[in-house]
Every structure is written in structure tokens, then in C-alpha cells.
Amino acid sequence: MNGKKILLVDDHPVVREGIRAIIQGSAGGQLVIVGETGKADAAFDLVEKHRPDLAIIDITLSGAENGISLTGRITDFFPGTRVLILSMYGGIDYVCRSLKAGAAGYLTKNSAHDELLNAINVIMRGGSYLDNKLSPDIVDFLKNHAAGGAGAGDPSYSLLSEREQQVFRMLADGEKVVEIGRTLNLSPKTVENHKTSIFKKLHFTRYFDLYRYAHRIGIIKPDV
């Protein structure tokens with residue numbers, strides 16, 4: 001097969017269709033899409049079958065596994081396949097966790113078509129790529145948190161369970177309880193229980209406390 005091989009992993013068929021149209025309309029046959037899916041397990045099987053040069057992966061996928069975990073599995077078992085995360089999430093924590101999992105690049109879904117193609121080309125040549133709008137934030141974050149991921153150096157954050165940390169990050173990113181439950185396959189009641197536990201452990205009385213704390217430990221950066 002001629003051309004570099006690409007796998008599309010996104011749980012929205014319309015999004016996959018859009019990415020496919022951008023690639024096929026601009027690559028001149030140099031990039032070939034060998035498969036697409038919205039499920040992590042199916043994506044891993046497709047990587048094993050086709051050994052694509054690049055997998056473009058969303059963070060939110062159908063099923064229990066998310067795109068960051070899938071990225072770690074792919075880069076561990078198939079190092080020849082590079083990963084570009086393409087997500088609606090722009091929080092610094094998501095970016096840092098994706099890079100830690102082995103992603104070679106990170107773009108938000110509101111990126112221009114030309115930037116997506118540029119990211120693909122840079123990564124295909126062995127480089128790394130960050131969304132132009134995110135790069136200054138990432139540089140600042142890495143300067144202040146060189147020892148680990150977001151919140152790694154804060155003892156209070158470590159009091160939260162892994163699931164509570166996950167819910168905390170999503171709350172800090174502005175997601176609603178119902179949205180979090182849908183993404184994590186949890187009932188709204190379970191998410192509420194996690195939220196209550198988070199507020200109790202970190203002594204929050206209002207959402208503003210959560211956002212302020214998330215900014216202080218580097219999980220989010222305020223818009224103003």
C-alpha cells in the first residue's frame with residue numbers, strides 16, 4: 001500500500017467523516033486511512049492488523065477505556081505507530097496526561113484544517129506537535145510542575161482516589177454531572193457521591209473553591 005497509513009479513532013461518525021474528508025482532500029494520496037472506529041478495543045485490534053504510521057485518537061470513546069489509556073497501550077505494544085490526540089478538551093491536565101501516555105501531538109477540535117494537516121506532517125516526520133493555542137500554557141505548566149503530572153506535588157490532591165481525581169478534573173474543566181456520568185459510564189448519583197467526597201476531602205464549600213484550587217495546582221488555567 002502506497003502512502004502513510006492512518007487510523008481514525010473517535011466515537012462520533014460525523015467527526016471521523018470530517019477528518020477523513022480533510023485528509024483525503026489535501027494529502028494527494030500520500031496519506032491513506034486504513035480504518036476507523038469509536039471503540040478502544042476495536043482500535044487496538046486495528047492497530048495490530050494494519051500497523052498504521054499514525055493513529056488520530058479522541059479522548060472520549062465508547063466503552064470503559066478512554067483515548068489516553070488507549071494511547072498508552074498502543075505506544076507500549078506498537079511503538080511504530082505514533083499518536084495524535086484530537087479532543088474537545090483543552091485543559092492542561094488532559095494534554096500532560098496524553099503526552100505522558102506517549103502521544104506525539106495534541107490538538108483541540110476547534111483547530112483549523114491546515115493545522116491538523118501540519119500536525120500530521122510534523123509527527124509523520126518524527127517530530128512532536130502541540131496546538132498553537134496550548135503551547136504557551138504547556139511551557140508554563142512544565143516549568144512549574146517538572147516533577148510530575150498536574151497536582152502531583154500537592155498533598156491534598158493525593159487524598160483523592162483515582163476515580164475522584166478523574167471526576168475532579170472533569171468538574172474543573174466545566175463538565176456537568178450528567179456529562180461526566182455519560183463519559184465514565186457512571187450514574188449521575190454515583191458522580192454526585194464522588195463530588196461530595198471531593199468537596200469534603202478538600203474542604204470546598206462552593207464550585208469557585210474547586211476552580212481556584214484546580215488553577216493553583218496546574219490542572220486548569222483561568223480564561224481571565
Side-chain angles (χ1 to χ4, degrees), residues 5-11 15 19 35-48 50-109 111 116 119-120 122-124 126-131 134-135 137-142 144-153 157-158 160-170 172-173 175 180 183-185 214 217-221:
K5 297 180 290 184
I6 295 181
L7 174 67
L8 305 181
V9 187
D10 192 294
D11 65 343
V15 174
I19 299 172
E36 59 179 78
T37 182
K39 297 182 178 180
D41 285 342
F44 189 83
D45 291 341
L46 287 171
V47 171
E48 184 174 21
H50 296 290
R51 304 299 171 96
D53 299 283
L54 176 68
I56 300 177
I57 301 177
D58 188 11
I59 288 179
T60 303
L61 301 174
S62 301
E65 187 176 14
N66 63 37
I68 296 175
S69 174
L70 173 63
T71 295
R73 281 211 290 156
I74 290 174
T75 54
D76 282 345
F77 285 91
F78 306 104
T81 296
R82 310 202 78 200
V83 174
L84 169 62
I85 295 290
L86 183 62
S87 173
M88 62 177 288
Y89 302 118
I92 291 175
D93 184 44
Y94 287 104
V95 182
C96 290
R97 288 192 293 131
S98 297
L99 298 179
K100 186 176 181 180
Y106 194 106
L107 282 181
T108 55
K109 288 185 175 179
S111 298
L116 172 60
I120 291 172
V122 169
I123 293 172
M124 289 292 195
S128 301
Y129 195 94
L130 289 177
D131 190 309
L134 293 175
S135 297
D137 290 346
I138 297 301
V139 171
D140 290 342
F141 176 82
L142 293 178
N144 294 321
H145 297 80
Y157 189 73
S158 64
L160 304 180
S161 68
E162 183 176 350
R163 177 65 85 183
E164 288 170 348
Q165 290 180 4
Q166 191 174 23
V167 172
F168 175 89
R169 291 190 294 263
M170 298 175 81
D173 212 38
E175 294 193 52
I180 295 172
T183 300
L184 300 180
N185 291 321
I217 66 175
I219 283 180
I220 61 172
K221 192 177 184 72

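Worth knowing before you read on, the calculation uses all heavy atoms, side chains too, and leaves out hydrogens, waters and symmetry mates.
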Side chains of His50 and Leu7: does their closest heavy-atom pair fall under 4.5 Å?
no

From Glu175 CD over to Thr183 OG1, what is the distance, rounded to the nearest 0.5 angstrom?
5.0 Å

Yes or no on side chain to side chain contact (heavy atoms under 4.5 Å, CB included) for Thr60 and Met88, after CA distance, side-chain angles and deciding distance?
CA-CA 9 Å; Thr60 303; Met88 62 177 288; 5.6 Å; no

Out of curiosity, Leu116 CG to Asp131 CG, how far, rounded to the nearest 0.5 Å?
10.5 Å

What are the two closest non-hydrogen atoms of Leu107 and Ala119, and how far apart are they?
CD1-CB, 3.8 Å

Between Ser69 (side chain) and Asn66 (backbone), is there a donor-acceptor pair under 3.5 Å?
no

Chi angles and distances behind the side chain to side chain contact (heavy atoms under 4.5 Å, CB included) call for Leu84, Tyr129:
CA-CA 8 Å; Leu84 169 62; Tyr129 195 94; 5.6 Å; no

Beyond-backbone contact of Met124 with Ile6, side-chain heavy atoms, under 4.5 angstrom
yes

Among Ile57, Leu86, Ile56, Leu54, exactly one meets side chain to side chain contact (heavy atoms under 4.5 Å, CB included) together with Leu8. Which residue is that?
Ile56

Name all pairs fulfilling the salt bridge (Lys or Arg N to Asp or Glu O under 4.0 Å) condition that reach into residues 51-72, sequence neighbours left out, sorted by first residue then second.
Asp58-Lys109, Glu65-Arg73

Sequence neighbours left out, what passes side chain to side chain contact (heavy atoms under 4.5 Å, CB included) with Ile59? Give chain and number order.
Ile68, Ile85, Ser87, Tyr89, Tyr94, Ser98, Tyr106

Just wondering, do Pro52 and Val47 contact through their side chains at under 4.5 Å, heavy atoms?
yes

Taking Ile123's backbone N and O only, do any of them form a donor-acceptor pair with Arg82's side chain (distance below 3.5 Å, no angle check)?
yes

Exam field: side chain Thr37 to backbone Ala43, donor-acceptor pair closer than 3.5 Å:
no

Residues in side chain to side chain contact (heavy atoms under 4.5 Å, CB included) contact with Thr75, at least two apart in sequence or another chain:
Thr71, Val83

